[in-house]
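Below is one structure, written out as structure tokens; the observations come after it.
Since the model is a prediction, treat every value here as computed from it, not as a measurement. Along the sequence shown, residues carry numbers from 1.
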Amino acid sequence: MSIEHEAKFRLGDCRDMEPRLRELGRLRTPWHFESNTVYDRGGELAASGRLLRLRRALTSTLTFKEPAPGPKTNGIKSRIERESLVQDPLAMDSILRGLGYAPRLRYEKFRSVWELPQGLVFLDILPFGHFLEIEAHPESIGTIAQEMGLDPGHAIDKSYHSLHQSWRRQQGLPPMDDFVFDETEHHRLTTSLGCIARPQGEYHAE
């Protein structure tokens, strides 16, 4: 168990940040594709700010997050995180369904991970935009942001699901929980980023 502190920043093109990241740290994980499924049981987890997620990427993981106690820092989300590797994501999906959990939403992104002395930086490409995410101690997040040329005052403490909902409203689009790439865009990004095309395991929608 650990407490995760993170802040997001909206970018025009997150690949523009790569030269600066090479100066400040090192590449930990190159560009790769992620497919995420969030589970819930009658909305009980979402109602209490908890998250149960099965992620299929270079490896698969099951993650449970819940709000961390204590005072909040503006622009920074703090959550207790428990995570475990999953050898067979299809079997885990069956286990979760057998326990009464069902997929609430699916989302996809392309991600690379950079390691800096004070924390981690994630470059994320989602179907609705580019983002940079900093994961570090709260007092270090602002410092890293400034080193990256970002304004700490523009830090976002919202989830990607919440940001997607706001984006759809701004675009005049109807509500939709899932945010996944169409095949054309998925292929284009896979090729341009030079990453693995598909994650471990396949998702079977029901």
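Annotation: side chain of T29 is not in contact with side chain of R111 (no heavy-atom distance under 4.5 Å). Between R168 and P175 there is no side-chain heavy-atom pair separated by less than 4.5 Å.
Y101 is linked by a side chain to side chain donor-acceptor pair (under 3.5 Å) to R41, counting only residues two or more places apart in sequence or in another chain. Residues passing the side chain to side chain donor-acceptor pair (under 3.5 Å) test with T63, sequence neighbours excluded: R53, E83. Shown here are the side chain to side chain donor-acceptor pair (under 3.5 Å) partners of E18, two or more places apart in sequence or in another chain: W31. With sequence neighbours excluded, the residues satisfying side chain to side chain donor-acceptor pair (under 3.5 Å) with E6 are K8, R79.
A side-chain N or O of Y160 and one of D124 form a donor-acceptor pair less than 3.5 Å apart.
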Would you list the atom pairs, donor with acceptor, under 3.5 Å between side chains in residues 69-77 and any protein atom, with sequence neighbours excluded?
unit_1 : atom_1 : unit_2 : atom_2 : d
K72    : NZ     : A68    : O      : 2.7

What pairs of donor and acceptor atoms, side-chain ones from residues 134-156 against any protein atom, are under 3.5 angstrom apart with sequence neighbours left out?
unit_1 : atom_1 : unit_2 : atom_2 : d
D151   : OD1    : G153   : N      : 2.8

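Between R82 and E66 there is a salt bridge, since at least one side-chain N of the basic residue sits less than 4.0 Å from a carboxylate O of the acidic one. Here E81 pairs with K65 in a salt bridge; the nearest charged N to carboxylate O distance falls below 4.0 Å.
With hydrogens and angles disregarded, no donor-acceptor distance shorter than 3.5 Å links the side chain of D88 to the backbone of M92. No donor-acceptor pair closer than 3.5 Å links the side chain of E34 to the backbone N or O of L58. A donor-acceptor distance shorter than 3.5 angstrom exists from the side chain of E108 to the backbone of F181, with no hydrogens or angles considered.
Put simply, L173 and L105 are part of the same group of oily side chains (I, L, V, M, F, W, Y) that touch within less than 4.5 Å, one to the next. A single hydrophobic cluster is seen to contain both V86 and F64, as judged by linkage of ILVMFWY side chains at heavy-atom distances under 4.5 Å, directly or through other members. Note: the hydrophobic cluster containing V113 does not contain L11 (ILVMFWY, side chain heavy atoms under 4.5 Å, direct or indirect links). Two different hydrophobic clusters hold L96 and Y107 under the rule that ILVMFWY side chains link at heavy-atom gaps under 4.5 Å. Cluster membership check: L120 does not share its hydrophobic cluster with L27, using side-chain heavy-atom separations under 4.5 Å among Ile, Leu, Val, Met, Phe, Trp and Tyr.
Annotation: the span from L132 atom CG to L21 atom CG amounts to 6.5 Å, rounded to 0.5 Å. Taking CG of D13 as the reference point, atom CG of L123 lies at 9.5 Å (rounded to 0.5 Å).
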Q.
Pair F33, R56 - check side chain to side chain contact (heavy atoms under 4.5 Å, CB included), show working.
A. CA-CA 9 Å; F33 176 70; R56 299 164 173 88; over 6 Å; no

Q: Could you go through the side chain to side chain donor-acceptor pair (under 3.5 Å) check for R169 and S166 one step at a time?
A: CA-CA 5 Å; R169 288 192 295 270; S166 297; 3.1 Å; yes

Q: Would you sort out whether H187 and E183 count as a side chain to side chain contact (heavy atoms under 4.5 Å, CB included), showing the intermediate values?
A: CA-CA 6 Å; H187 178 73; E183 284 298 322; 6.0 Å; no

Q | side chain to side chain contact (heavy atoms under 4.5 Å, CB included) evaluation trace for Y39 with T37 | A | CA-CA 6 Å; Y39 294 80; T37 306; 3.6 Å; yes

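Heavy-atom minimum distance, N36 versus R55: OD1-NE, 2.5 Å.
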